[in-house]
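Note sheet for the following structure.
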Amino acid sequence: MNDTDQGCRNLRWALALLDGLVSGGLRRLVFSPGSRSTPLLLAAQRQPLIELTPIVDERSAAFFALGLARAGGRPVGVLCTSGSALAHWFPAVIEAYESEIPLILLSADRPPELRGWGANQTIDQTRLFGGFVREFHDPGPAETTSEALKTMRALGARAAAVSLGNWPGPVHLNLPFREPLVPQNDCVAAPNPLLTLSRPTPPKAAPSAAEAPTWNEEVDDWSHDLAAMMGGRGLICCGPGTCSPLSTLSTTSSFAEALWACAERLAVPVLCDPLSGLRFGPGSPHRITRYDSLLRQPATAAALKPDWILRIGRAPVSKTLLHWLADIPTILVDPGQGWSDPNKDVRVRVNADATSFCHWLAALAQDESRTVCDPAWTAQWAAHEQQIAALTTAYLEDAPWCEAQLLTDLLAQLPAGDGLLCANSMPIRQLDTWSGSRDAALGIFGNRGASGIDGQSSTLAGLNASGIPVSGLLGDLSFFHDLSGLLLLRQLVRPCIVINNGGGRIFDYLPQHGLPEFERLWRTPIDVDLSALLRPFQIPHCIVSTGAEFHDALADCLQRQQASGVIEVRVDATVSRAVHHQFWRELQTQLFTTSARSP
Ligand SMILES: Cc1ncc(C[n+]2csc(CCOP(=O)(O)OP(=O)(O)O)c2C)c(N)n1
């Protein structure tokens with residue numbers, strides 16, 4: 001290398017960083033175009049193990065990377081130029097922080113001597129994401145001493161390891177480059193083959209509460225306290241992130257097996273959130289999914305109050321469940337650093353891997369018989385589960401068509417091993433209410449860390465890019481929120497189903513409903529013809545408004561296996577709301593009638 005070739009120095013320094021990242025498992029780099037990021041892009045072009053994906057809008061790029069990392073379980077890189085570009089990553093960074101997704105944020109920057117002096121496209125990028133990243137590094141301008149290259153390799157490996165660690169999440173590396181950014185022709189620069197090839201990282205299941213490899217032996221000292229607390233009627237509650245969708249899709253999940261065995265030994269029901277990774281796939285009689293409807297019935301809810309709860313994963317999607325859990329002594333199993341306790345009821349927080357803990361607890365139950373519940377307790381829950389499933393089927397047969405029947409059909413049609421991205425607002429809640437369970441594997445994905453309506457189409461495209469066929473179920477406002485994501489929807493093998501119900505219908509269920517100017521200020525319908533919007537993007541589109549039409553449109557997409565596009569579902573939200581409320585009312589009567597009849 002010519003000593004004065006700054007472009008070559010930049011490139012070799014960037015290559016060293018990528019060597020480290022690749023050794024830590026990174027295989028995909030999603031980038032948005034720019035000049036300052038050129039050395040990193042040139043380095044990535046030379047690294048055969050890295051697949052590059054260009055996405056022009058940084059917000060969309062970051063959500064795409066989030067989807068990839070969520071489904072793939074490996075760290076995924078995002079790269080952009082200096083200035084406002086990286087600010088567009090922020091919502092996806094927040095989601096990655098909250099949902100514990102391994103993103104490596106590579107922002108190119110101006111060198112220190114240009115910062116703060118009015119240079120073009122130069123802002124203070126230092127610690128831009130504040131507390132929303134696990135680590136931030138600004139290693140200074142490129143050097144090619146062996147010490148500097150060694151440091152960059154170590155930094156890359158460290159960033160990947162931290163992003164996947166006990167508390168997975170985003171890591172930000174801010175990387176300043178001096179000009180020129182393009183090397184001269186005689187520059188010799190190549191990846192370090194020893195490092196990249198000698199330590200291939202096996203594909204790893206996406207990080208989840210169930211799989212983080214920690215186990216705090218101190219818990220042995222608590223066995224008596226736990227056993228004392230666990231007398232009477234207990235319940236296990238598995239929230240979002242308990243088990244990664246990836247492990248749901250594998251043929252055997254050691255966590256699920258340990259959990260069902262533990263539930264059986266303790267004789268307790270297991271309430272499974274739609275994002276717990278436990279509703280779909282081989283189950284157990286202990287699996288309970290219809291709790292949201294059940295616990296809306298005050299008398300039943302009061303009669304079913306447990307004495308203690310064991311919580312795994314984050315707080316449940318169902319507000320009804322969360323409120324019902326309030327004031328019940330809780331044991332929280334958390335392998336990382338989160339403190340998921342919105343009700344402030346955690347008495348014991350076990351910093352342990354949930355699989356090991358379930359094994360340990362099952363053994364404890366064998367020694368300490370008082371931890372074992374009365375079998376009638378689980379039987380009562382199982383009977384309610386079956387009863388509500390039967391009542392639901394009967395009710396929906398005669399009820400006007402809405403999201404409830406759509407979901408039933410969707411879950412029946414999606415092939416085993418598929419995924420479903422369920423957007424926030426009503427889609428995830430309706431899935432919670434109506435899904436029940438099924439034995440065929442289905443990975444449910446959701447950006448529930450910060451529950452934003454942003455970045456849904458981009459996340460959907462990223463999930464699909466991981467190789468798993470993933471359908472999307474989105475509200476219309478969520479769909480309109482991510483218009484640059486449309487650039488990514490053209491080739492998806494599964495459809496993006498958009499519930500077009502005239503704006504944010506979740507507000508119809510909230511106290512704001514009925515306030516003056518409700519429609520203009522809260523529901524905010526957007527009057528855009530979807531078919532006209534999608535045409536220039538060459539995204540196939542169809543409109544359905546009945547159960548039969550939806551069934552056929554979905555079947556057609558599943559059969560075609562290519563360019564599924566958008567299924568726009570026209571739903572009358574007033575009818576839908578009435579169907580939901582009527583169901584909960586009828587359930588009250590039915591449950592009352594049954595319990596009045598039982599001896
Ligand atoms: C980024 C972001 N902005 C605003 C909100 C507040 N919000 C929650 S739900 C919702 C309406 C969503 O409407 P839609 O996607 O059509 O779903 P629907 O309520 O009809 O099911 C809004 C604006 C949010 N969660 N995230």
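Counting convention: from 1, in listed order, for ligands and their atoms alike.
Closest non-hydrogen pair, Asn424 versus Gly452, comes out as ND2-O, 2.8 Å.
Comment: Arg314 does not engage Glu100 in a salt bridge, judged by the lack of any side-chain N to carboxylate O separation of less than 4.0 angstrom. A salt bridge does not link Arg311 with Asp273: every distance from a Lys NZ or Arg NE/NH1/NH2 to an Asp or Glu carboxylate oxygen is 4.0 Å or more.
At a 4.0 Å heavy-atom cut-off, ligand 1 touches Asn501 through the side chain alone. By the criterion of a heavy-atom distance under 4.0 Å, neither the backbone nor the side chain of Phe479 is placed next to ligand 1.
Ranking protein heavy atoms by distance to atom 21 (O) of ligand 1, first place goes to Met426 CB, 3.0 Å. When hydrogens are left out, the protein atom nearest atom 16 (O) of ligand 1 is Asp476 OD1, 2.6 Å; that is the closest non-hydrogen contact. Nearest protein heavy-atom neighbour of atom 6 (C) of ligand 1: Phe507 CZ, 4.8 Å.
In this structure, the side chains of His513 and Arg577 come closer than 4.5 Å at one or more pairs of heavy atoms. With a 4.5 Å cut-off on side-chain heavy atoms, Ile526 and Asp476 do not count as touching. Counting heavy atoms from C-beta outward, Thr433 and Ser293 have side chains that approach closer than 4.5 Å.
Using bins of under 30°, 30° to 60° and over 60° for the plane-to-plane angle, the ring pair Phe518/Trp522 lands in the parallel bin. The aromatic rings of Trp434 and Tyr395 lie parallel to each other, their planes meeting at an angle below 30°, with 60° marking the opposite boundary.
The heavy atom nearest to atom 24 (C) of ligand 1, out of those in Asp482, Asn447, Ile453, Ile506, is found in Ile453. Looking at Ser576, Pro427, Gly504, Ser478, it is Ser478 that brings a heavy atom closest to atom 15 (O) of ligand 1. Of the candidates Pro91, Ser425, Gly475, Ser425 brings a heavy atom nearest to atom 18 (P) of ligand 1.
Per-residue contacts place Ser451 under 4.0 angstrom from the following atoms of ligand 1 (heavy atoms of the residue considered): 25 (N). For ligand 1, the atoms sitting less than 4.0 Å from at least one non-hydrogen atom of Leu477 are 13 (O), 14 (P), 15 (O), 16 (O), numbered in the order shown with element in parentheses.
Ligand 1 has no N or O atom lying under 3.5 Å from any N or O atom of Asp454, backbone or side chain.
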